Amino acid sequence: MELDTTVQIELYKSMLRVRLLEEKVVELYPDQEMKCPVHLCIGQEAIAAGVCAHLKSDDYLFSNHRGHGHYLAKGGDMRALVAEFYGRTTGCSRGKGGSMHIIDTDVGLLGTSAIVGGGIPMGVGAALAATLRGEDQVSVVFFGDGAFDEGVFYESYNFATLKKLPVIFICENNFYATNSPQRARHAGSRIADAALVFGSTGICVDGNDVEAVHNAAGTAVEHARAGKGPMLVEALTYRWKGHVGPGTDFEAGCRSEAELREWIDRCPIKSFRTKLIENGILNTETNNRIAEAITDEIEEAFQFAMDSPLPEPSDLLTDLFS
Amino acid sequence: MELDTTVQIELYKSMLRVRLLEEKVVELYPDQEMKCPVHLCIGQEAIAAGVCAHLKSDDYLFSNHRGHGHYLAKGGDMRALVAEFYGRTTGCSRGKGGSMHIIDTDVGLLGTSAIVGGGIPMGVGAALAATLRGEDQVSVVFFGDGAFDEGVFYESYNFATLKKLPVIFICENNFYATNSPQRARHAGSRIADAALVFGSTGICVDGNDVEAVHNAAGTAVEHARAGKGPMLVEALTYRWKGHVGPGTDFEAGCRSEAELREWIDRCPIKSFRTKLIENGILNTETNNRIAEAITDEIEEAFQFAMDSPLPEPSDLLTDLFS
Amino acid sequence: MPWTKVYSDRSEFDLAVEKDPALRGLTYRDAILEASTQLLESDSDFFILGEGVDDPGGVFGTTKGLAERFGTERVMDTPLAENGITGVAMGAALAGMRPLLVHMRVDFMTISLDQIANHAAKWSYMFGGAVNVPLTIRAIIGRGWGSAAQHSQSLQAMFTQVPGLKVVMPATPYDAKGLLVSSIYDDNPVIFIEHRGLYETVGHVPKELYNIELGHGVVRREGADVTIVAISQMLSEAIKAARRLSNEGIECEIIDLRTLLPMDKGIIIESVKKTGRLVVADTGWKEGGYSAEVSAVIAEEAFDLLKAPVQRVALPNVPTPASHVLEAAFYKGENDIIEAVKRVVR
Amino acid sequence: MPWTKVYSDRSEFDLAVEKDPALRGLTYRDAILEASTQLLESDSDFFILGEGVDDPGGVFGTTKGLAERFGTERVMDTPLAENGITGVAMGAALAGMRPLLVHMRVDFMTISLDQIANHAAKWSYMFGGAVNVPLTIRAIIGRGWGSAAQHSQSLQAMFTQVPGLKVVMPATPYDAKGLLVSSIYDDNPVIFIEHRGLYETVGHVPKELYNIELGHGVVRREGADVTIVAISQMLSEAIKAARRLSNEGIECEIIDLRTLLPMDKGIIIESVKKTGRLVVADTGWKEGGYSAEVSAVIAEEAFDLLKAPVQRVALPNVPTPASHVLEAAFYKGENDIIEAVKRVVR
Ligand SMILES: Cc1ncc(C[n+]2csc(CCOP(=O)(O)OP(=O)(O)O)c2C)c(N)n1
Ligand SMILES: Cc1ncc(C[n+]2csc(CCOP(=O)(O)OP(=O)(O)O)c2C)c(N)n1
Ligand SMILES: [Mg+2]
Ligand SMILES: [Mg+2]
């Protein structure tokens, strides 16, 4: 099913916004002013973009350590995100969280956990809340192939299916957890198949094809919103950067450069841009205009962050309880 | 495949030994001299018997709160078991464990956990030990349908399959965890199917048919011993007594008497006895002789237990470390 | 104040009612059931989930009949998946509900410690206060009849060491009801630990829904010679000990903290000002237990008041044994409190 | 004894080597790697498992190259399934192996607390000593650079409250090697906690395999005025503090417990006999932390020796914040120790 051109442009913008933000982080991280670990999602942007395009701002979202893309695609405030990288009081977590712990309740993002798998049951719980209140929100959880190792995934999926909760499980399978390849951790090979155990449906999709992701997520969101319970979407992708920080894994000797090159050739953004241009939906000029607008937003966000105040030591003891 | 008659007789004896022991507990429990919770396995004896018939005494076994049958079928010392019920120093756990924590290292039973699911990964670990040492032991874990709710089952099964460890997962599906029916806890309906996610094999078998259990377990044990990894055997059965103690659930208003009656009609021991008698393998006289020998053993075990010394208060502080 | 009184048994309460017919007696168990019922009636954001909450037995009676009356959506049985279900409850709390998660035994919460300590406890702080986690977790301390090592623990100290949690351990029916209500309406994660040995105790419990502010202890008995901080089920042991000691001319002041975290240091220090001596009687282990924190913090903040070292009456450093002989040696009671008092009162 | 000396930095150690060329210098990280290597060489029952142990980085260097050399069966990467894998390691231990399970961060052990506290710790006792669990679990305390609430905890107190565990926290390269070897050969479950901040420290480490008996602290510095019990990374802070205090005429005696559970009470009491004052400097939280137990137990057993209340230098009761400004306010160091000492030495 071919998507509407406005949707296509929005998907493209959404991906590009994430990419350019992450590249800015790569550029500025060596200054050591962002004093926290950063887990970049360059190469994986299509998933956040394709999924979040279906969500309303009051739909719930839970994410993990690699959450910048999810935050932005769900409509999170970029300035507050960048300010959080810089540990400022204007950060989305007022400097308490850092890059691994970002939140924007205005758009339904209720937090990101840096404990692998930790966010999954919470996503189910938010869906339960919506169901108990009789509201039609859905809840989305993003997690990696590493989180699929954890028993909590199964517990959560079983419960969600049992209670037919409106939650969508999005597994971003980038084939590695830190440096451990999927085959060293999973006896099975297709994560999506796990849904079958619970009498539910799994969809495995090319995570670098934003339209394919959009389609799959659309099916899952519709299914959930109709009260039919969860689906498991496995999106195959690759992270270009190291597990943490702006370097690459081949430089660190953790995997081959060839593998990375292959995936760079399948860049979700470049291929989609090419398609849009070929189909006359995008031209160089519009593309540049889009990129410039995003670049401006990013520049402004970094400026905002750097101009923002650092916390006072006395802030240490606030926010424990509300 | 019809079993050898000696095997059949052994299976029958094994089941009967468990049944009569448990019935003795039912009889004497009201005396309040066994001062610990007892989780009886009356109705489920075919599983312990059918599985353990394949095991050598150095094969490993791990079990749960409902472990009397596993203990006996694996060849555990009945006197030490009963003495443990009575909290005596001659108990298999020297009075420290009670009915929920029984052990007999001489026959490879390395303990029973009363934390649901707790024993499962340990069974995998013992199989790992055998593999690392290049020995041919297999390891068996018994667990209930309730333990299938717990994430640790999946974690353990994945790891065992991934590393092709010689461990057999025996799920005694009696359709309830305490009073919670399976359908209130599992989105899926067939536990055995979970093996598929891991590219492994599951077998669902009538757990009240000792020969069927024996066959399925035989396949799984052989598979494991050949270095091909685990299998998941789901044995469908029913517990006649309450979750804990000698009463019944229908008396307590937890389920219908009709349901129990149906299952009593499918008594694993009675039906097997009938078959053996019909086939001329057993006659009333031999049957009586078998029952008497077991009854004698049981009488002797209870006498032994009651004659055994209670711990001294000073024993409280021993055994913490070895 | 009728609610500060602890009745040692049913007959003592019946006598009290004769004198004051306005006293309304309820067991600890029923106080919890009543609070839960009234919350279900009055607040649609409130719901209960946990293993067996819809069971005919109803978690030792504390949820009995609720599923029938309010439906299994609001009184929801769950799979045995403690870590996942705790995360589910937390997610529901983040999305604005006020869940009450129930565990038959606190032992099973070791499985869900990650969701409790790494998530629920940290979520407000970690996100600079952007969200809050109004989650309450009830758990029961089992004991006796050979429950043994995995079904008898008193794990409050596992929680009182986690910043971001509140920990409540009511010792009377009145407190059980009022503190449960307050826990539910607290916007932060609260671990609410009950002792099975208290379930039959009877006391005055008002019919209406009421709050008891978290974080405040109460003096259960006044006395000038020694302060006893008694936690949960140890309160009745302390009262028995105090009666016997009184016969020997030693007067104990007994403090029931009710909320362990945050600790009401003030009420302890006030009392120690008078007595100069402190005994802490806890249901948990001594080594690394909650009594260590009470001891340490009072020594820090009131060292000059102390005429003798703080004494801890708590469990020896072994798991719970099964045999009744060993159980008797393991658990602490009035005699141990009396000994501890005598060590410091000379 | 060359091994009791703590070198504040590489240059100090280099100077020491000039004087005594027999001194063999190794970092804390390499001491662990060396112990692991030699155990793999010498004992076929020993193996290592954990997330990323075969990684090129090798758990911050501590397992680097081992998988290549000994194979991925004996140096085994595992799925991210902390509870299950801990149970697997425990099962292997029950079946006669001596597994070393490695966690990059101690924070992840909250997930496996059930296997640790309900199973490994209790298995020997619960079965009357019929079996033992020779399992060692290494875990690292992360810190700094915005690691934040879930990647920076110092969770020793979560373990020191569990009867049946031993807990070791070496502060020097010498101890790291010797205590790791002893932990592996201990027949009981040992939690072995390292502080990432110590990894670069250099000290004398003998080449051969050697044991340091668990349960024995060591005096790192002698002094008559105050005793400082310093845990793990706080040892170097205590040494710095002691140097500065010495300039003001205050002499600190510094004790490194090395094993937290069982606690070497004797060495503390011996020292307090001389000094009459005690400061406990811990890397963990203050409230409910290990320092509470030290404080409580010393007060109990040596109250009359204490001229002042035991002081605890430990973390304030909030999760770790990310912003570096807040990190600086959160962590404790030499200045806090100096203040604590001055509060008690008048
Ligand atoms: C429970 C837990 N175990 C281990 C870690 C350390 N860790 C952080 S991220 C990560 C890899 C996660 O892999 P995956 O889920 O595939 O996400 P990706 O990083 O590939 O996006 C690991 C092992 C952790 N944070 N939490
Ligand atoms: C982790 C954990 N959760 C809950 C319990 C309480 N409990 C004890 S046995 C049991 C039911 C277990 O059901 P199942 O595994 O099917 O075994 P069955 O009793 O049917 O043989 C429950 C819920 C427990 N012991 N451990
Ligand atoms: Mg991944
Ligand atoms: Mg069952």
Side-chain angles (χ1 to χ4, degrees), chain A residues 60 62 84 89 91-98 100-106 108 110-115 117-133 135 137 139 141 150-160 162-163 165 167 311 315 317-322, chain C residues 44-47 49 71-74 76-99 101 111-112 114-115 117-135 163-166 186-190 214-215 261-262:
Chain A
Y60 297 118
F62 290 85
E84 193 58 37
T89 55
C92 58
S93 305
R94 310 212 305 138
K96 296 253 166 74
M100 294 193 289
H101 303 301
I102 54 183
I103 193 161
D104 192 334
T105 56
D106 288 343
L110 296 187
T112 64
S113 174
I115 298 293
I120 299 177
M122 287 186 230
V124 176
L128 175 62
T131 301
L132 288 172
R133 283 197 301 256
E135 291 169 0
Q137 288 128 303
S139 175
V141 278
E150 299 277 2
V152 75
F153 163 79
Y154 297 88
E155 295 180 351
S156 304
Y157 205 89
N158 178 50
F159 185 78
L162 181 70
K163 303 288 179 188
L165 300 179
V167 49
D315 293 337
L317 301 182
T318 61
D319 300 325
L320 184 64
F321 292 121
S322 56
Chain C
S44 63
D45 288 340
F46 174 71
F47 72 106
L49 75 173
T72 52
E73 276 218 322
R74 295 189 65 205
M76 184 183 275
D77 186 26
T78 68
L80 317 186
E82 289 78 5
N83 197 36
I85 298 302
T86 304
V88 167
M90 172 169 167
L94 283 173
M97 303 294 289
R98 297 196 172 272
L101 174 61
I111 303 184
S112 51
D114 176 58
Q115 280 297 326
N118 280 339
H119 293 89
K122 295 184 172 41
W123 219 249
S124 171
Y125 188 86
M126 198 158 80
F127 295 107
V131 280
N132 57 295
V133 184
L135 166 65
L165 297 180
K166 298 189 179 182
D186 196 290
D187 282 336
N188 306 287
V190 180
L214 303 189
L261 193 68

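Here is how names work: the chains are called A, B, and so on, in the same order as the sequence lines, proteins then strands, and each is numbered from 1. Source: prediction; values computed, not measured.
Chosen from A:Ile115, A:Asp104, A:Thr105, A:Val124, the residue pairing most often with chain C at heavy-atom distances under 4.5 Å is A:Ile115. Considering only heavy-atom pairs separated by less than 4.5 Å from chain C, the leading option among A:Ser156, A:Gly123, A:Gly151, A:Gly125 is A:Gly125. Note: C:Met76 leads C:Met76, C:Glu82, C:Arg74 in heavy-atom pairs under 4.5 Å with chain A. Heavy-atom pairs under 4.5 Å with chain A were tallied for C:Val133, C:Asp186, C:Leu165; the largest tally goes to C:Leu165. Between chain C and the options A:Ile120, A:Thr112, A:Asp315, A:Thr131, the largest number of non-hydrogen pairs under 4.5 Å is found for A:Thr112. Between chain C and the options A:Gly97, A:Gly117, A:Gly98, A:Ala126, the largest number of non-hydrogen pairs under 4.5 Å is found for A:Ala126.
With a 4.5 Å cut-off on non-hydrogen atoms, C:Asp114 touches chain A through its side chain but not through its backbone. Both the backbone and the side chain of A:Phe321 have a heavy atom closer than 4.5 Å to some heavy atom of chain C. Contact of C:Gln115 with chain A is made through the side chain alone, with heavy-atom distances under 4.5 Å. Using a 4.5 Å cut-off between heavy atoms, A:Phe62 touches chain C through its side chain atoms alone. With a threshold of 4.5 angstrom between heavy atoms, A:Leu128 approaches chain C through side-chain atoms but not through N, CA, C or O. For A:Ile102, the part sitting under 4.5 Å from any heavy atom of chain C is the backbone (N, CA, C, O) and nothing else. Using a 4.5 Å cut-off between heavy atoms, A:Thr89 does not touch chain C at all. Contact annotation for C:Leu135: neither backbone nor side-chain heavy atoms come within less than 4.5 Å of a heavy atom of chain A. The parts of C:Asn83 that come within reach of chain A are both its backbone and its side chain, each placing non-hydrogen atoms under 4.5 angstrom from that chain. Heavy-atom distances place both the backbone and the side chain of C:Ser124 under 4.5 Å from chain A.
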Inset, instruction - Starting from the C-alpha separation in whole Å, work towards a yes-or-no answer on side chain to side chain contact (heavy atoms under 4.5 Å, CB included) for C:His119 and A:Ser113. - result: CA-CA 8 Å; C:His119 293 89; A:Ser113 174; 2.6 Å; yes
Legend entry - Candidate pair A:Glu155 and C:Ile85, rule side chain to side chain contact (heavy atoms under 4.5 Å, CB included), full reasoning: CA-CA 8 Å; A:Glu155 295 180 351; C:Ile85 298 302; over 6 Å; no
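At least one test fails for A:Lys96 against the ring of C:Phe127: distance under 6.0 Å to the centre or angle within 45° of the axis.
The distance from atom NZ of A:Lys163 to atom CG of C:Leu49, rounded to the nearest 0.5 Å, is 9.0 Å. Taken from OH in C:Tyr125 to CG in A:Leu317, the straight-line distance is 7.0 Å, to the nearest 0.5 Å.
The shortest distance between side-chain heavy atoms of C:Met97 and A:Arg133 falls below 4.5 Å. For the pair C:Val88/A:Met122, no side-chain contact is recorded, criterion being any heavy-atom separation below 4.5 Å from C-beta on. For the pair C:Asn188/A:Ser322, a side-chain contact is recorded, criterion being any heavy-atom separation below 4.5 Å from C-beta on.
For the pair C:Trp123 (side chain) and A:Gly111 (backbone), a donor-acceptor distance under 3.5 Å is absent.
The minimum heavy-atom distance between C:Pro163 and A:Leu320, with the atom names listed, is C-CD1, 4.0 Å. When all heavy atoms are compared, the tightest approach of A:Pro121 to C:Gly84 is CB-O, 3.2 Å. Taking both residues in full, the closest heavy atoms of C:Pro79 and A:Leu162 are given as CG-CD2, 4.2 Å, listed atom of the first, atom of the second, then distance.
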